[in-house]
Amino acid sequence: MNSLNSLYFPGTIFHSTSQYPLFLLFSTLHLLRVAEHNIHGSCVQATDSFIKSGLCRVHTPSPLGNDLERFINLINDIKNRKDEYASQLSALTLAAMSPYPGKGDSDSRQEIISALLNNEQLYSGRQKEQKTLELWQARLVLAIGEILDCEEEDIARQLAAVKDEEAELFKELQGKEHNPEDENPFEELLLIRENIAPPTSGNIQKRFLSWKQLYREGSLTCDLLLTTSRDTADRILESFSTESCEKTVYSGQLSLPAIVSRHEDDAIQRICSFREKNKVIIDKIREQLVDLKTDNSPAEENNSREILSSYREPWEESLQSHFPAKEFGRIPLSFYCFTSTPCSTLLGTDSQDSNHINGLMAIADITAGRI
């Protein structure tokens, strides 16, 4: 069977339990990483766990090399001295990502990066200076985004735990005993998500631009783009609709559990068990996606039938047997096909693929959790 390389975007770490279900359907997920090593330590241990298990493969375009230690020290400074860096980082993330910077903006960005790096010898030559500046800028925006995501989820988890403790205390006051079997991971996930403020559209755009900047420095090719950010996916859909004479083909929808486990080790065991026991239906879905990638007329085929419709019922039965909807919830997983446009072109790079290669995108909308 032909392979189907799936690239997760625009995130650069797996830090949330809501991301774990993505591994149920897709084979090895590819992930861009800000640096060639984990720069955050134990707070993003989940990414390392998925790498070790073989479920995830990471890529670092233009590795930092000798500058890695300097970058890690900078990230640690940002974590530990947020107030001191607040004005500089605000200027960096809010002003420096303008798609049409003027000379003043460029000089300002250089001053910001130079001040943060505290190294006047970093640049040599105007061309190298500009490229280094843009890459460091992109890495910083992404790394700061990682910090904020982890901190936001951690705070939301703590608030959810407090609410859960309050509910248990109320039950005790009513004379009801705590029953561990009554615990519902999906309800706990909903509590966490209720306390997470959605990112602004502007911040999503800046992080996506930074992610694409990093992606363009590498040579990774993929067949399917996978995201949990509906906002970012909509940007690709709108851009393709505006700039291309080809048609976006909606290719159907499947479901995923909203959560598979609260802990990465248990999640990995459950994911591997599900994939092993449901290999037949998973392979059929993947084969259909591979066929869609090379279909000369995906729109015509989709008009005759929704491309993934025949797999929806057996797939849902497989999910129900391992992850009952009442306990694990469901999120929609929507598929799109971009006629004669490979994924690399969607991300703004020149592609050498055949014009008959169709790019694919899957959107796992984690904000739309349901029973």
Side-chain angles (χ1 to χ4, degrees), residues 1 3-9 11 13-31 46-47 49-58 184-186 188-190 193 222-230 233 251-290 292 307-336 360-371:
M1 183 185 75
S3 62
L4 188 76
N5 291 324
S6 304
L7 175 62
Y8 182 71
F9 82 105
I13 55 173
F14 292 111
H15 70 282
S16 172
T17 55
S18 60
Q19 296 170 304
Y20 298 172
L22 301 176
F23 295 94
L24 290 174
L25 177 59
F26 303 96
S27 54
T28 303
L29 278 182
H30 295 266
L31 180 75
T47 303
S49 297
F50 286 117
I51 294 170
K52 292 176 182 177
S53 69
L55 296 172
C56 175
R57 184 176 299 171
V58 295
N184 187 308
F186 178 53
E188 294 177 12
L189 176 64
L190 290 180
R193 296 214 61 80
C222 68
D223 307 302
L224 181 143
L225 297 171
L226 174 63
T227 186
T228 57
S229 171
R230 182 78 226 190
S251 307
Q253 185 180 97
L254 299 174
S255 294
L256 287 175
I259 186 172
V260 296
S261 179
R262 290 167 292 196
H263 308 288
E264 62 263 18
D265 290 340
D266 183 54
I268 289 170
Q269 291 180 2
R270 289 173 177 264
I271 290 166
C272 292
S273 175
F274 176 86
R275 286 165 56 151
E276 180 180 355
K277 294 177 180 178
N278 296 279
K279 186 176 185 302
V280 173
I281 180 63
I282 290 174
D283 284 349
K284 287 182 178 179
I285 294 173
R286 289 177 184 169
E287 287 172 359
Q288 180 65 75
L289 292 172
V290 170
L292 183 59
I307 293 173
L308 294 173
S309 60
S310 59
Y311 304 105
R312 187 175 297 128
E313 185 174 343
W315 172 252
E316 188 59 43
E317 290 176 355
S318 299
L319 288 183
Q320 188 65 20
S321 65
H322 287 77
F323 305 100
K326 186 175 181 180
E327 183 179 357
F328 294 92
R330 292 290 183 267
I331 58 173
L333 179 67
S334 305
F335 292 87
Y336 294 84
L360 306 177
M361 181 168 67
I363 308 169
D365 192 351
I366 60 177
T367 64
R370 57 179 173 78
I371 295 178

Return the minimal non-hydrogen interatomic distance between A233 and M361, and the atom names on each side.
O-CE, 3.8 Å
Side chains of H322 and N278, heavy atoms from C-beta outward: is any pair under 4.5 Å?
yes
Quick one: CZ on F26 to OH on Y8, what's the gap to the nearest 0.5 Å?
11.5 Å
For the aromatic rings, using the six-membered ring if either is Trp, is the centroid distance between F50 and Y20 under 6.0 Å?
yes
Identified side chain to side chain contact (heavy atoms under 4.5 Å, CB included) partner of L7 from the options L29, L225, L226, T227:
L225
Looking at side-chain heavy atoms only, is the closest gap between R270 and F323 below 4.5 Å?
yes
Here the pair of heavy atoms bringing T28 nearest to G54 is OG1-O, 3.5 Å
Below 4.5 Å, heavy atoms only, C-beta onward: do C222 and H30 meet side chain to side chain?
no
Calculate, to the nearest 0.5 Å, the distance between atoms CD1 and CG belonging to I331 and L254 respectively.
11.5 Å
First locate atom CD1 of I268, then atom NZ of K52, and finally report the distance between them rounded to the nearest 0.5 Å.
9.5 Å
So S18 and T228, side-chain contact (heavy atoms from CB on, under 4.5 Å) or not? Walk me through it.
CA-CA 9 Å; S18 60; T228 57; over 6 Å; no
For the CG atom of L289 and the CG atom of L25, what is their distance to the nearest 0.5 Å?
7.0 Å
Got F274 and S318 here, is their nearest side-chain heavy-atom distance under 4.5 Å?
yes
Which heavy-atom pair separates L24 from I282 by the least distance, and what is that distance?
O-CD1, 3.6 Å
Donor-acceptor pair, R275 side chain versus F23 backbone, under 3.5 Å?
yes
Could you tell me whether the side chain of N5 and the main chain of D223 form a donor-acceptor pair under 3.5 Å?
no
Test your reading of the model: is there a side-chain donor-acceptor pair from E327 to the backbone of P324, 3.5 Å cut-off?
no
Provide the closest heavy-atom pair for L31 versus G11 in the form atom of the first, atom of the second, distance.
CD1-O, 3.6 Å
Check whether Q320 reaches the backbone of A325 with its side chain - one donor and one acceptor, N or O, closer than 3.5 Å.
yes
Note: S27 and R286 closest approach over all heavy atoms is N-NH2, 3.3 Å
Rounded at 0.5 Å granularity, tell me how far CG in L224 sits from OG in S6.
4.5 Å
Taking T47 for its side chain and F14 for its backbone only, find out whether a donor-acceptor pair lies under 3.5 Å.
yes
Return yes when atom CZ of R57 has more than 12 non-hydrogen atoms of other residues, nucleotides or ligands closer than 6.0 Å, and no otherwise.
no
Between N184 and K326, is there a donor-acceptor pair closer than 3.5 Å when you use the side chain of the first and the backbone of the second?
yes
pair H263-Q269: side-chain heavy atoms closer than 4.5 Å
no
Given the options L360, L4, I285, V290 meets side chain to side chain contact (heavy atoms under 4.5 Å, CB included) only with L4
Determine whether a donor-acceptor pair (N or O, by modelled atom type, separation under 3.5 Å) exists between the side chain of R312 and the backbone of Q253.
yes
So how far is it from L319 CG to S255 OG, rounded to the nearest 0.5 Å?
7.0 Å
Compare all side-chain heavy atoms of K284 with those of W315 and state whether any distance is below 4.5 angstrom.
no
How far apart are the closest heavy atoms of R330 and P257, and which atoms are they?
NH1-CA, 4.1 Å
